[in-house]
Amino acid sequence: MHEAWQQAAENLEKVLSERDFATWIKPVNYSHHDGNTVYLSVPTSFFKDWLEENYQKVILGALTVTSGHNLSLSFVVRDHNSESETLLAEDLIIKGHQEEAEQAKSAQLDSTVTPLNSKYTFDLFVSGTGNHFAHAAAMAVANNPADTYNPLFIYGGVGLGKSHLLNAIGHTIRSTSPSLNVCYCSAEKFMYEMVNHLRLKKMDIFRNLFRNVDVLLIDDIQFISGKTGTQEEFFHTFNALHEAHKQIVITSDKFPREISDLEERLRSRFEWGLIADIQPPDLETKIAILKKKSEVTKIRLPEDVTYFLASSDTRNIRELEGMLIRLGAYSSLQNIPITLEMAKESLKDILGDRRKEITIELIQKAVADQFAIKIADLKSEKRQKNLVQARQIAIWLCRDMTKASYPDIGSKFGGKDHSTVIYATKKIDKALHDDQKFFKLVDDIRQGILK
Ligand SMILES: Nc1ncnc2c1ncn2[C@@H]1O[C@H](COP(=O)(O)OP(=O)(O)OP(=O)(O)O)[C@@H](O)[C@H]1O
């Protein structure tokens with residue numbers, strides 16, 4: 001089981017951002033297991049609570065894959081002294097900051113607070129319909145910091161590329177203006193640092209650090225919702241920087257007005273500059289992202305598997321990437337190539353639940369509505385071109401979105417035999433591959449069914 005944990009941690013390193021991995025997974029150690037319960041040790045009780053709330057499912061998923069068993073997970077705090085050890089460690093970091101601050105104005109604050117993720121660059125970001133505007137705004141800010149939009153507020157759902165863009169801004173400014181002091185920090189880390197500096201009575205150092213940067217990149221600002229002390233501190237940091245014409249970029253999973261328990265004065269400041277949203281990707285963008293990720297990770301994905309993953313109902317790109325990594329792990333651990341069958345099999349527990357509720361009847365209705373025909377026409381033998389195409393699409397969707405077998409599907413389409421069903425699915429497979437417009441049509445129907 002120890003080895004399973006090591007392998008799981010390696011897999012998690014590939015899926016999570018460097019920051020998340022270093023902060024939350026690296027400090028976790030294997031402790032022991034008892035029956036099907038695996039015990040992992042963590043440094044502090046704060047850490048334990050945080051993992052339980054945010055990473056339990058991810059860690060369990062990774063361990064299930066590497067161990068091949070259905071497990072449960074429990075976190076134990078390593079020892080009672082660890083909280084004070086953490087404090088001591090923070091104290092050392094702070095001392096490091098102080099020296100740096102004294103030594104040179106150009107101290108790279110971010111290298112001690114939160115390093116930029118080297119994989120999150122503009123080169124590796126795919127611009128598509130949902131993120132086009134945010135991408136353009138991020139590039140504008142990166143090329144002319146504090147000159148165009150200040151603050152830039154990027155918001156969008158989970159796993160849609162906000163941190164990626166934020167890091168990309170940081171990388172660009174670093175390389176074009178190396179003298180600028182770029183600080184990338186999550187709101188959570190901002191609070192964590194603040195609390196520690198408060199406890200150590202070193203708020204002057206904290207303020208010096210954050211109020212003397214040239215570019216402040218704050219990730220996941222929604223985290224400060226309801227945290228009055230952090231909001232107060234952030235308000236003053238924001239003002240100091242804004243008044244000094246320093247660039248501020250903020251990301252959030254919500255629009256400023258939708259962040260609950262956020263002081264009005266902060267909310268209004270977030271709206272001072274430009275607000276750019278990121279919407280979930282469409283099918284083409286998901287395909288392009290998968291292709292890019294497969295290039296970077298060197299996990300070779302055949303076209304049909306790329307389409308299969310991209311057309312799953314997930315709109316969270318992190319999840320999509322997780323599927324790719326999972327296929328890569330399966331393929332290398334079992335020494336088998338990635339094929340459509342293998343992908344369906346190895347991802348069935350991830351995708352399975354979502355597919356359960358989709359019925360043949362639901363698909364027939366959606367297709368009939370789309371083509372403005374009767375459901376009875378789908379089941380008939382009529383050969384008009386549009387009816388044949390609608391029927392074949394419906395059959396293909398049934399095969400793809402339900403667990404029904406070829407004979408099951410045939411019987412629900414007016415008692416067709418299974419070779420007709422196979423012929424229809426092959427025909428649609430080919431058309432999807434050859435014709436982008438057709439691809440979009442089928443995907444729109446599919447997304448409609450999933451809503
Ligand atoms: N357009 C894109 N092109 C390439 N990769 C992308 C794109 N959008 C997202 N990703 C990838 O998806 C993963 C999740 O992105 P990211 O961490 O930036 O999401 P997020 O919106 O900040 O999520 P959260 O709300 O959880 O903080 C990352 O690995 C990122 O590289």
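First listed ligand is number 1; within each ligand, the first listed atom is number 1.
- Within the structure, no pair that satisfies the salt bridge (charged side-chain N to carboxylate O under 4.0 Å, His left out) test touches residues 7-17, not counting sequence neighbours.
- No side-chain donor-acceptor contact under 3.5 Å links R399 to the backbone of T425.
- The nearest non-hydrogen atom to atom 23 (O) of ligand 1, considering only G128, G159, A168, S127, comes from G159.
- Scanning all heavy atoms of the two residues, the minimum distance from F439 to L432 falls at CD1-O, 3.0 Å.
- Inclusion of G161 in the set of residues having an N or O under 3.5 Å from an N or O of ligand 1 is warranted.
- Of all heavy-atom pairs spanning Q247 and P145, the tightest one is OE1-C, 3.6 Å.
- E303 and K291 make their closest contact through OE2-NZ, 3.4 Å (heavy atoms, listed as atom of the first residue, atom of the second, distance).
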(request) Kindly determine whether R318 and E321 satisfy salt bridge (Lys or Arg N to Asp or Glu O under 4.0 Å), including the steps that lead there. (result) CA-CA 5 Å; R318 189 177 298 111; E321 232 181 317; over 6 Å; no
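- The part of K293 lying near ligand 1 is the side chain, judged by heavy-atom distances below 4.0 Å.
- The minimum heavy-atom distance linking S294 with L324 is given by the pair N-CD2, 4.0 Å.
- Taking any N or O of R318, backbone or side chain, at least one lies under 3.5 Å from an N or O belonging to ligand 1.
- For a threshold of 3.5 Å applied to N or O pairs, the pair formed by K162 and ligand 1 contains at least one separation below that value.
- Contacts with ligand 1 closer than 4.0 Å are made by no heavy atom of T251, backbone or side chain.
- By the 4.5 Å heavy-atom criterion applied to side chains, I221 and F270 are counted as neighbours.
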(request) Verify ring-ring contact (aromatic ring centres under 6.0 Å, His included) between F206 and F190, making sure each step is shown before the conclusion. (result) CA-CA 10 Å; F206 177 86; F190 182 88; 5.2 Å; yes
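- When each atom of ligand 1 is checked for a heavy atom of N131 under 4.0 Å away, the hits are 1 (N).
- Numbered from 1 in the order shown, with element, the atoms of ligand 1 that lie under 4.0 Å from a heavy atom of D220 read 27 (O).
- Near L160, the atoms of ligand 1 lying under 4.0 angstrom from a non-hydrogen atom of the residue are 8 (N), 9 (C), 19 (O), 20 (P), 21 (O).
- Within the 4.0 Å heavy-atom shell around ligand 1 one does not find P281.
- With a heavy-atom cut-off of 4.0 Å, K292 does not touch ligand 1 at all.
- The atoms of ligand 1 that sit less than 4.0 Å from any heavy atom of G157 are 21 (O).
- Look at D253 and you'll find every heavy atom at least 4.0 Å from all atoms of ligand 1.
- Nearest-residue assignment for atom 3 (N) of ligand 1 (options T285, I317, V126; heavy-atom criterion): V126.
- With sequence neighbours left out, the salt bridge (charged side-chain N to carboxylate O under 4.0 Å, His left out) criterion links K227 to no other residue.
- Numbered from 1 in the order shown, with element, the atoms of ligand 1 that lie under 4.0 Å from a heavy atom of L124 read 3 (N), 4 (C).
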